[in-house]
Amino acid sequence: MSDSKMHGKRFRTGTGALVLVVDDDPDLLELVGEVLSDRGYRVELARNGVEALECIDEEVPGLVLLDMRMPVMDGWTFARHLRDRYGRSIPIVVMTAAEDSKLRADEIGADSDLGKPFDLRQLHEVVEDALAE
Amino acid sequence: MKINTRLMLINALLLLVTIAIGSVLLATSRRVPAKLEQSEEIHHIARELFALETAVKEYRFLRLPRASRQWRASSQRLGSYLEAMNDDHVDPTMTVAMLEAHAEIDSLLATLPAGPLLVPSRLEQRVIEHVQIKIQDMLLWSQMLAVSLHMQLEDAHRRSNMFVLAFAAGVVLVMVGMQAFFRRTILQPLGTLEKGARRVGYGDFEHPLPRHADDEIGHLTGVFNEMRENLRRLTRAREEFMSAAIHEIKTPVAVIKTSVQFLQQFPPEQREKRLPQMLARLDRQCNRLDRLVTDVLEVTRLDMRKTELRRRSTDVVELVERVVAEMQNVSPRHRLVTGRMDAIEAEIDPDRIEQVVFNLIDNAIKYSPSGGDVDVSVCREDDTFVISVRDRGIGIATDKQERVFERFYRAHAGTRYEHAASLGVGLYLSREIAARHGGSMWFESQEGEGATFHLRLPIVPKSTEKGS
C-alpha cells in the first residue's frame with residue numbers, strides 16, 4: 001500500500017511460473033501475492049483490467065487469477081481482450097463469490113474458479129491444478 | 001367517458017322513456033271514461049228512440065190517448081241527450097244528421113192532433129209512416145255509433161296494453177343494457193385488476209395491466225401500474241443490493257481466513273516479521289466487514305424506522321480529523337486536505353455522523369480514479385455547521401443528479417466507473433442520518449469536474465425533535 005501504483009508491484013523472489021492476480025481490493029491482492037510468492041511463484045498484481053493488460057504486455061503470465069467486478073475495466077471485458085490477443089493459451093481462474101463463481105467462469109470461458117471466501121489450501125490447489133494443465 | 005357521466009346518461013335516458021310512455025298511457029286511460037260516458041249517452045238515445053217508436057205505434061194502431069203525451073216526453077228527452085252528444089263531439093256528422101232527423105220528427109209529430117183519432121186521414125197516415133222511417137234510421141245510426149264507440153274502446157284498450165308491453169320491454173332492454181354496461185366497463189376491468197393484484201401479491205411485477213378506457217377504473221389501473229413499477233424497481237434494487245452486499249462480504253472473509261492460515265504455517269520466530277503488516281491488514285478488513293454488515297443492518301432498520309440517535313456533545317473538528325486520518329492511506333493516489341476547520345461543539349450522534357463523513361470521503365476517493373486532492377472543511381453558519389467534501393473526479397451527470405440520494409441507486413452503474421464496493425446505499429443512509437438530526441445534505445457537481453457534497457447539521461437540536 002505504500003507504493004503509489006499497485007500496477008507492476010511484483011513478488012519476484014521465486015523462480016516458478018508467473019501468476020497475474022487481478023482484484024480491486026489491495027489487501028487481497030497483497031495477501032495472495034505474498035502467499036503465492038512464498039510458494040515460489042513469481043507474482044504480478046493489478047487492480048483492474050487495464051492494469052492487468054499492461055502487465056501482460058510486459059510479460060505473458062502462466063496463469064491469471066481474476067476478480068469480476070472491478071472499476072475501470074471489469075473481469076468480463078478483460079477476459080475478452082485476453083482471449084482476443086492470446087487465445088486460450090493463458091489459463092484464467094475466476095475469483096468471485098462462491099455462489100456464482102462457476103457461472104462466471106462459464107460466462108467468460110475460464111479454466112476454473114476459486115470461490116470467495118477461499119482459504120489457503122484452496123488457493124494453493126487451484127493454482128497448482130491450473131498451472132499443471 | 002367517465003363511468004359517472006355514463007351512469008348519469010343512462011339515468012336520463014331511463015327517465016325520458018318513463019315520462020314518454022307514462023304520458024301516452026295516461027292520455028289513453030283518460031280517454032276511456034269519456035268514451036264510456038258517450039256509449040252510455042248512445043244507450044239512452046237508443047232507449048228513447050224505442051220509447052218514441054212504441055208511442056207512435058200505440059198512437060197509430062191502438063189509438064191510445066196517452067200516446068201523444070208519451071212521444072212528447074220521449075222526444076224532449078231524446079233532444080236533450082242528442083244535445084249532450086253534440087257537446088261531447090262524438091261523431092259530428094252523425095250527430096248533426098240525428099239532430100236534423102229529430103227536429104223533423106218533432107215538427108212532423110206536432111202536425112198530428114193530440115187526441116186519439118178514430119180513423120186517421122191519409123195525410124196523417126203518411127206522416128206517421130214517415131216518422132217511423134226516421135225513427136228506424138236514427139236507431140240504425142245510433143247502433144252504428146255504438147259499434148264505432150265499442151271499436152274505439154277496444155282500440156284504446158289494445159293500445160294501452162301495447163304501451164304497457166312496450167314499457168316492460170323498454171325496462172328489460174335498459175336492464176340488459178345496464179348489465180352489459182356494468183360487465184364491460186366495471187366488472188371486466190375490475191376482474192383484470194384483481195388478477196393483476198394477485199400476480200403482484202405473488203411477487204410477479206413484470207406485467208403491466210392494459211388500460212382499457214379513460215375512466216375511473218382506467219385511472220385506478222394507471223395508479224396500479226405505477227405502484228407495480230415502483231415495487232418492481234425497489235424489489236430488483238433490493239435484490240441487487242443484497243447480492244452486492246453478500247459479494248462484498250466474501251472478500252474480507254477470504255482475506256481474513258487466508259491471512260490467519262498463512263500465518264499459522266510459520267513457526268513463531270518466522271511469524272514475527274510478517275505480523276505488523278498482516279495485523280494491519282486484518283484490522284482493515286475487519287473494519288470493512290463491520291461497515292458492510294452495519295450498512296446492511298442500517299438499510300433494514302431504516303426501512304423499519306428503528307434508528308435511534310445517541311446524541312452527545314461532540315467535537316466536530318476532532319471527529320472529522322479522525323476520519324480523515326483513518327482514510328488518508330486508503331488510496332495512494334489521493335491526498336486528503338483539511339481546509340477551514342471552525343471549532344464546533346455539537347449535540348450529535350458521533351457514530352452516525354462519522355459514518356456519513358466516512359461515506360462522503362469514500363465516495364470522493366472512489367469516483368476520482370485518477371487521484372488528486374480531496375478537500376474537507378467544517379464551517380460554522382449561524383446555529384448550524386456544514387461539513388463539505390470536495391473531489392476533482394468524474395462528477396455526476398445532470399440527468400442522474402436527481403436520483404443520487406435514492407436508496408440502492410448507483411449513479412455510475414453500467415459505466416466504467418461502476419465501483420465494485422458500492423452497495424448504492426451510502427448517500428441514502430447519509431441523508432437519512434442527516435434528516436434524523438434535523439439537518440440536510442446537498443451537492444454541486446459537473447460531469448468531469450468533480451463533486452462537492454455538503455452536510456448541514458444544527459449545533460443544538462431543535463427542542464421538538466429532542467424528545468423524539
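Proteins get letters first, then strands, A, B, ... in listed order; numbering begins at 1 in each. Computed from heavy atoms alone, side chains included, the values below leave out hydrogens, waters and symmetry copies.
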Original post:
Considering only heavy atoms, which portion of A:Gln122 lies under 4.5 Å from any heavy atom of chain B: side chain, backbone, both, or neither?
Top reply: neither
**OP:** Look at the side chain of A:Asp74 and the backbone N and O of A:Arg69, then say whether any donor-acceptor pair between them is shorter than 3.5 Å.
**Re:** no
Subject >> Check: B:Ser430 side chain, B:Gly426 main-chain N or O, donor-acceptor pair, under 3.5 Å >> reply: yes
Subject >> Residue part contacting chain B, namely of A:Asn48, when any heavy atom lies under 4.5 Å >> reply: neither
Subject >> B:Arg274 NZ/CZ over B:Phe266 ring centroid, <6.0 Å and within 45° of normal >> reply: yes
**OP:** Under 4.5 Å heavy-atom distance to chain A, tell me which part of B:Gln264 shows up: side chain, backbone, both or neither.
**Re:** neither
Subject >> Side chain to side chain, B:Val356 and B:Arg431, heavy atoms closer than 4.5 Å >> reply: no
Original post:
Is it true that a side-chain atom of B:Asp391 and a backbone atom of B:Gly393 form a donor plus acceptor pair closer than 3.5 Å?
Top reply: yes
**OP:** Could you look at B:Lys257 and say if it's the side chain, the backbone, both or neither that has a heavy atom under 4.5 Å from chain A?
**Re:** side chain
**OP:** Select one option (side chain, backbone, both, neither) describing which atoms of A:Thr96 are under 4.5 Å from chain B's heavy atoms.
**Re:** side chain
